[in-house]
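In what follows, a structure is listed as structure tokens, so that the remarks can point back to it.
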Amino acid sequence: MTDFSTRLRVLGLETSCDETGVAVYDTVSGLLAHKLYSQTQIHARYGGVVPELASRDHIRKTLPLIRQTLADASLSLADIDGIAYTAGPGLIGALMVGAGIGRALAWSLGIPAVAVHHMEGHLLAPMLEDPQPAFPFVALLVSGGHTMLVQVDAVGHYRILGESVDDAVGEAFDKTAKLLGLPYPGGPELARLAAKGRAGVYRFPRPMTNRPGLDFSYSGLKTFALNTLREAESEEGRVSEQTRADIAFAFQEAAVDSLVIKCRRAVEQTGIRTLVIAGGVSANACLRSALHDLARQQAIALYFPRLEFCTDNGAMIAYAGSLRLAHGQSEEAVISAQPRWQLDSLPPLTGKS
Ligand code: KG4
Ligand code: ZN
């Protein structure tokens with residue numbers, strides 16, 4: 001576990017998209033409790049996240065979830081020393097709920113509150129595990145909104161090595177799943193369908209792998225999936241379940257392969273042999289297995305968060321916030337959030353914890 005010199009109990013709030021996540025992290029004892037409420041059912045009938053519905057539901061769920069999480073940890077609000085809330089990037093209305101509740105609680109309790117960058121939360125999620133990865137490491141962050149490779153020299157010392165020039169890989173999973181007629185949220189559904197697909201029936205391109213560099217592109221894969229589907233359709237516009245599974249297989253294979261190729265390149269380019277994978281798509285079994293193979297072949301130390309901390313959760317926000325609060329960082333008493341926020345603009349940790 002990270003060494004902290006003082007005990008801080010930090011309440012973390014995650015409300016950037018369609019999950020309400022709450023957790024309490026103790027800088028001496030570690031994670032004390034965490035709870036997640038997913039809005040999947042609310043958005044499923046629309047085939048994607050409806051921002052206004054997301055905000056309204058965060059309003060309904062955040063306070064009850066805080067009460068339940070504190071009860072699980074056998075704590076009361078009076079035991080909390082600081083609050084960490086996701087302040088971006090994400091849906092502005094949804095972010096404002098967490099920021100508003102976090103700030104208001106901090107104000108009423110007379111304790112500090114810190115705005116946490118959602119992707120820093122993902123990036124540090126593997127630090128909730130034992131053993132923790134040691135700095136420096138290369139992080140592959142793969143979520144619904146981001147696909148990036150980051151050189152992490154220390155907390156707050158982030159160098160973006162490459163990122164998607166168009167869609168994020170999670171977004172490509174979701175859009176391709178929709179094309180294949182799968183329900184929202186598409187990524188895990190597509191992975192399930194791909195498990196029934198056959199290798200070698202279709203071959204999708206590996207975008208941006210035959211030129212140097214560490215950037216990604218995923219919008220072409222989705223178009224390739226659409227064209228493959230159209231060609232496979234009967235005159236009545238029908239496609240067999242097996243063909244849909246074969247297309248899902250080929251899409252996933254190409255999406256994963258291009259991530260693995262770029263990870264290998266990032267390790268070669270930086271000479272850093274510790275690789276950390278985080279964000280929703282890091283829950284993908286095919287990606288995890290392909291990266292395990294890469295790690296074995298190249299003697300790379302590989303770290304993932306546990307499955308429930310791959311996707312959005314409050315624990316990663318409580319942890320990232322606790323590091324910053326322990327180093328004396330906190331915000332003015334103003335409620336604000338940023339839908340866009342550059343990861344490499346974050347400050348390093350200063351002072352002793
Ligand atoms: O990190 P996350 O929970 O939220 C964002 O910050 O975006 O990531 C959600 C993304 C979605 O695009 C979802 O489809 C994808 O992660 N995802 C998966 C899997 N589980 C979640 N994609 C592929 N395979 C999975 N098993
Ligand atoms: Zn996320």
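Counting starts at 1 for both ligands and their atoms, following the listed order.
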* To do: If you have a sec, work out which protein heavy atom is nearest atom 8 (O) of ligand 1 and how many Å separate them, to one decimal?
  => Gly280 CA, 3.3 Å
* Exam field: side chain Thr86 to backbone Gly88, donor-acceptor pair closer than 3.5 Å -> no
* Asked: What do we get for His122 next to ligand 1 when only non-hydrogen atoms under 4.0 Å count, side chain, backbone, both or neither?
  -> side chain
* Asked: Any donor-acceptor pair under 3.5 Å linking the side chain of Tyr218 with the backbone of Ala255?
  -> yes
* Nearest neighbour in protein (non-hydrogen) for atom 3 (O) of ligand 1 -> Asp312 N, 3.0 Å
* To do: With heavy atoms under 4.0 Å as the rule, classify the contact between His118 and ligand 1 as side chain, backbone, both or neither.
  => side chain
* Asked: Judged by atom type as modelled, is there a donor-acceptor pair below 3.5 Å linking the side chain of His122 to the main-chain atoms of His118?
  -> no
* **Under 3.5 Å donor-acceptor, Arg159 side chain and Gln151 backbone** => no
* Asked: Is the backbone of Ser5 close enough, under 3.5 Å, to the side chain of Arg7 for a donor and an acceptor to pair up by distance?
  -> no
* Evaluate the ring planes of His292 and Phe304, with Trp represented by its six-membered ring, and classify them as parallel (under 30°), tilted (30 to 60°) or perpendicular (over 60°). => tilted
* What are the protein N/O/S atoms, named by residue and atom, that sit under 2.8 Å from the Zn ion (ligand 2)? -> His118 NE2, His122 NE2, Asp312 OD1
* **Top protein contact for atom 24 (N) of ligand 1, by heavy-atom distance** => Asn284 ND2, 2.9 Å
* Asked: Is Asp79 reaching over with its side chain to a backbone N or O of Ser76, donor-acceptor style, under 3.5 angstrom?
  -> yes
* Asked: Does the side chain of Thr176 come within less than 4.5 Å of Leu221's, by heavy atoms?
  -> no
* Compute the minimum heavy-atom distance from Pro185 to ligand 1 and say whether it is under 4.0 Å. => no
* Evaluate the criterion ring pair (Phe, Tyr, Trp, His ring centres under 6.0 Å) for residue pair Phe249 and Phe251; output intermediate values, then yes/no. => CA-CA 6 Å; Phe249 181 98; Phe251 166 84; over 10 Å; no
* Would you say ligand 1 has an N or O under 3.5 Å from any N or O of Gly170? -> yes
* To do: Enumerate the atoms of ligand 1 whose separation from the nearest heavy atom of Gly145 is less than 4.0 angstrom.
  => 7 (O)
* Asked: Should the ring pair Trp341 and His117 be called parallel, tilted or perpendicular, given that the plane angle runs from 0 to 90° and is split at 30 and 60?
  -> tilted
* With heavy atoms of Phe173 as the reference, note each atom of ligand 1 found under 4.0 Å away. => 23 (C)
* Identify the closest protein heavy atom to atom 22 (N) of ligand 1: which residue and atom is it, and at what distance? -> Gly187 CA, 3.6 Å
* Starting from atom 15 (C) of ligand 1, find the nearest protein heavy-atom neighbour and note its residue, name and distance. => Val281 CG2, 3.9 Å
* **Counterpart residues, salt bridge (charged side-chain N to carboxylate O under 4.0 Å, His left out), relative to Asp57 (two or more places apart)** => Arg60, Lys61
* How far is atom 7 (O) of ligand 1 from its nearest protein heavy atom, and which residue and atom is that? -> Gly144 N, 2.8 Å
* Asked: Counting only N and O atoms by type, is there a donor-acceptor contact under 3.5 Å from the side chain of Glu331 to the main-chain atoms of Ala115?
  -> yes
* Consider only side-chain N and O atoms of Gln242 and Asp246, and report whether a donor and an acceptor are under 3.5 Å apart. => yes
* Structure fact -> Among Ser38, Pro188, Ala168, the residue with a heavy atom nearest to atom 25 (C) of ligand 1 is Pro188
* To do: Record the part of Asp174 in heavy-atom contact with ligand 1 below 4.0 Å; permitted values are side chain, backbone, both and neither.
  => side chain
